[in-house]
Amino acid sequence: VLGVQHKLAVRKAAPSFTHTVSAICAELRKSKTIATKSSSLLLNFTPPLDWAAGNTTGSTVTIYYRIDTYSGDTFIGSEVYTRTATIPDTVTPTIGTVNISDSKGYAATYGYVKSKSAPRIAFVASGAYGSTISSYTVKVSGKTYKGTTIPSYIDAPIVTEAGSISISIEVTDTRNRTAKSTKSITVVDYKQPAITDLNIKRSSSNGSSLQITFSSSIQPLGNKNKAKYTIKYKKKSATSYTSAAISIGSGENKYALSGKTYTFAADTGASYDVMVSAKDAFGTVSKSIVGGTTSKVFSILNGGLGWAF
């Protein structure tokens, strides 16, 4: 096994003989001297781990052990022994830096957001001692991405669930050995803004104004989400709206308004189209309602004897 110390036994034909022993990696034509004119019968040798580069598609390399025998300074002869050395299981590819970001750009501010964020996975990997990466597999949110050449990045689809999302990466090298890495991201729950309980009525003593009342909900996202409210209104006969911001009081929770009111001047004889909008960092939701006139319907009683309202 490469990288593991071995004991080499040397047999002598005569007690006075010495030996020069060397090891050669057949595939790389690299050699290491183990002993020079040694009289020892037992030698220690660790085949270099980097000799694994001699076989980038398999699990073994061939080592020639050469023993040169001397009597004093006189060369007697040589013997060569062939052995197979195993590339240890620890020689595997490596997954380096894994970067996960939000291709939609929201994570830096709000974290990964359900129905909005999309993971972008970028990673590097390398073989070991001459091997190269032959394939990769990335799994995220039920999707599997495979290939033979690692891309600059992989764009996964928009996440549809909140909670912890696992991202697994596996690479295989030309020795058919693998490396794995698992990362995770946390996805915060998100629902689009909602406007509820929208009502409208005439206010003031003579009905010369309209008051809308509504409730709303916007996901806080760690109190980093935006929350803005606007109102648009116009007479039904008009073609353009008047717009105004709905201010939030210092004691109000802008993410969860309840019974919020807004009043504007309105002609008593006109009906109005009114639209209330709630806007967060991701979009706007609007809801419409119609405000009526203050006019009363009456009729003359049969025979002209009175009025009915």
Side-chain angles (χ1 to χ4, degrees), residues 104-106 109-118 158-160 162 187-309:
K104 304 302 181 182
Y106 298 123
T109 302
Y110 310 106
Y112 292 91
V113 182
K114 175 185 172 183
S115 302
K116 298 298 177 181
S117 294
I158 290 174
V159 291
T160 57
V187 180
V188 297
D189 197 14
Y190 175 78
K191 295 179 182 178
Q192 69 177 9
I195 295 172
T196 58
D197 302 326
L198 178 61
N199 293 290
I200 191 167
K201 66 178 182 179
R202 287 281 174 173
S203 61
S204 71
S205 58
N206 60 356
S208 59
S209 59
L210 282 169
Q211 182 184 73
I212 59 109
T213 304
F214 69 96
S215 298
S216 71
S217 62
I218 289 179
Q219 295 287 130
L221 301 181
N223 292 331
K224 294 179 180 178
N225 200 2
K226 298 176 182 177
K228 294 183 178 180
Y229 301 91
T230 56
I231 184 171
K232 294 169 62 176
Y233 55 90
K234 71 174 183 67
K235 292 180 181 180
K236 270 196 166 295
S237 59
T239 57
S240 61
Y241 283 88
T242 297
S243 298
I246 300 175
S247 59
I248 306 300
S250 58
E252 293 181 302
N253 179 0
K254 65 181 180 179
Y255 298 117
L257 297 177
S258 179
K260 181 66 176 177
T261 61
Y262 184 89
T263 303
F264 61 92
D267 290 348
T268 56
S271 294
Y272 284 78
D273 293 323
V274 180
M275 182 185 298
V276 178
S277 299
K279 180 180 181 181
D280 70 355
F282 308 99
T284 302
V285 170
S286 300
K287 200 166 187 179
S288 298
I289 197 169
V290 175
T293 69
T294 61
S295 302
K296 295 182 178 180
V297 178
F298 66 92
S299 62
I300 301 174
L301 294 177
N302 189 28
L305 301 176
W307 306 86
F309 292 88

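What's counted below: heavy atoms across the whole structure, side chains too, no hydrogens, waters or symmetry copies.
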Check: When the ring centroid of Phe282 is compared with that of Tyr110, is the distance short of 6.0 Å?
Finding: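 Yes, the ring centres sit under 6.0 Å apart.
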
[X] and [Y]: which non-hydrogen atoms are nearest, and at how many Å?
X	Y	value
Leu221	Asp189	CD2-O, 3.7 Å
Thr239	Lys234	C-CD, 4.3 Å
Ile218	Lys279	CD1-O, 3.9 Å
Thr284	Ser277	CG2-CB, 3.8 Å
Ser288	Met275	OG-CE, 3.7 Å
Val159	Val113	CG2-O, 3.7 Å

pair [X]-[Y]: side-chain heavy atoms closer than 4.5 Å:
X	Y	answer
Tyr190	Asp280	yes
Val276	Lys287	no
Val274	Leu198	no
Ile212	Tyr233	no
Val290	Lys236	yes

Check: Ser209 and Ser203: side-chain donor and acceptor closer than 3.5 Å?
Finding: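 The answer is yes; a qualifying pair exists.
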
Is it the case that the side chain of [X] and the backbone of [Y] share a donor-acceptor pair, with hydrogens and angles ignored and the cut-off at 3.5 Å?
X	Y	answer
Asn199	Asp197	yes
Tyr262	Thr230	no
Tyr272	Asp267	yes
Asn225	Gln219	yes
Asn253	Tyr255	yes

Distance check, rounded to the nearest 0.5 Å: [X] atom [atom1] versus [Y] atom [atom2]?
X	Y	atom1	atom2	answer
Thr263	Leu210	OG1	CG	9.0 Å
Tyr229	Ser247	OH	OG	12.5 Å
Ser240	Lys235	OG	NZ	11.5 Å

Item checked: Tyr241 six-ring face occupied by Lys232 cation (under 6.0 Å, within 45°) ->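 Yes, a cation-pi geometry holds between Lys232 and Tyr241.
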
Notebook entry, point to check: Counting only heavy atoms not in Lys254, do more than 12 fall under 6.0 Å of its NZ?
Noted result: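 Enclosed: over 12 neighbouring heavy atoms sit under 6.0 Å from NZ of Lys254.
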
Notebook entry, point to check: How would you list, by chain and number, every residue that makes a salt bridge (Lys or Arg N to Asp or Glu O under 4.0 Å) with Lys260, sequence neighbours excluded?
Noted result: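 Testing Lys260 for salt bridge (Lys or Arg N to Asp or Glu O under 4.0 Å), a comparison that skips the adjacent residues, returns Glu252.
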
